[in-house]
Amino acid sequence: ETGVTQTPRHLVMGMTNKKSLKCEQHLGHNAMYWYKQSAKKPLELMFVYNFKEQTENNSVPSRFSPECPNSSHLFLHLHTLQPEDSALYLCASSQRRSGSYNEQFFGPGTRLTVL
Amino acid sequence: GESVGLHLPTLSVQEGDNSIINCAYSNSASDYFIWYKQESGKGPQFIIDIRSNMDKRQGQRVTVLLNKTVKHLSLQIAATQPGDSAVYFCAENVQGGKLIFGQGTELSVKP
């Protein structure tokens, strides 16, 4: 176990549904990330939060809405998704310090299928 | 067995042989590199890292080599085992602490 948990592990939703993905890290880290992993493609960074503040939004469509209530929890709210949004959504965390390196620890992911 | 990363995304080796997985990175200013292993149904798992002021680092059965001249990174796995079967990703740390991931290479170990 990496100390990063994600729920649910699998999710099937229709295009009109609203659902949320949850991530929790037990490592005392100050940064959390959402990535999208599609088949045969590199991991795509979606959002970055440092100390609960969003520092990066990698041109992600507004149908994905992140929320970071504290440094241990991260949510990804989903609404009116498209079938092409089906993918593995990975959460990661790291301890970001000035001048240090950014080793990220990943959760197991949520396998999302949009019908 | 040896792969060339993006040009050969699959690598098949015999159990007990050594494996070499290659990665070409893009940013000459990248100062830190990580190799991750991802097994089916799991998230990426940290294997080994290396800073740009080093050219070699060894772990348990794994060695990472860094050639900054040609922006090339490799992961060597000694005495490959069936449990090593997975997709392996390299990642480079660019300025601002952002990790850029490679496409990944799928390693298949034949018993």
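Below, all heavy atoms of this structure are taken into account, side chains as well, without hydrogens, waters or symmetry copies. In the text below, chain A, chain B and the rest are named by the order of the sequence lines, each starting its count at 1.
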So which part of A:Arg9 gets closer than 4.5 Å to some heavy atom of chain B, the side chain, the backbone, both or neither?
-> side chain
Has the side chain of B:Glu15 got a donor or acceptor atom that lies under 3.5 Å from a matching backbone atom of B:Pro82?
->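 Side chain of B:Glu15 to backbone of B:Pro82: no pair is present.
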Could you tell me whether the side chain of A:Gln25 and the main chain of A:Ser71 form a donor-acceptor pair under 3.5 Å?
-> yes
Pick one of side chain, backbone, both or neither for A:Leu43, based on which atoms fall under 4.5 Å of a heavy atom in chain B.
-> both
Counting only heavy atoms closer than 4.5 Å, note whether B:Gln38 contacts chain A via side chain, backbone, both or neither.
->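 Only the side chain of B:Gln38 comes within 4.5 Å of chain A.
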Under 3.5 Å donor-acceptor, A:Tyr49 side chain and A:Pro69 backbone |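 Looks like no, no N/O pair under 3.5 Å.
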Option in A:Tyr33, A:Tyr35, A:Phe105 with maximal non-hydrogen atom pairs under 4.5 Å from chain B = A:Tyr35
Determine the option with the most heavy-atom pairs under 4.5 angstrom with chain B, choosing from A:Pro42, A:Ala92, A:Ser94.
->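 Ranked by heavy-atom pairs under 4.5 Å with chain B, first place is A:Pro42.
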Would you find a donor on one side and an acceptor on the other, under 3.5 Å apart, between the side chain of B:Lys68 and the backbone of B:Ser52?
-> yes
Sidechain N-carboxylate O distance under 4.0 Å for B:Arg61, B:Asp84 |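 B:Asp84 and B:Arg61: salt-bridged.
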Portion of A:Gln37 that has a non-hydrogen atom of chain B nearer than 4.5 angstrom |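 Contact with chain B is through the side chain of A:Gln37 alone.
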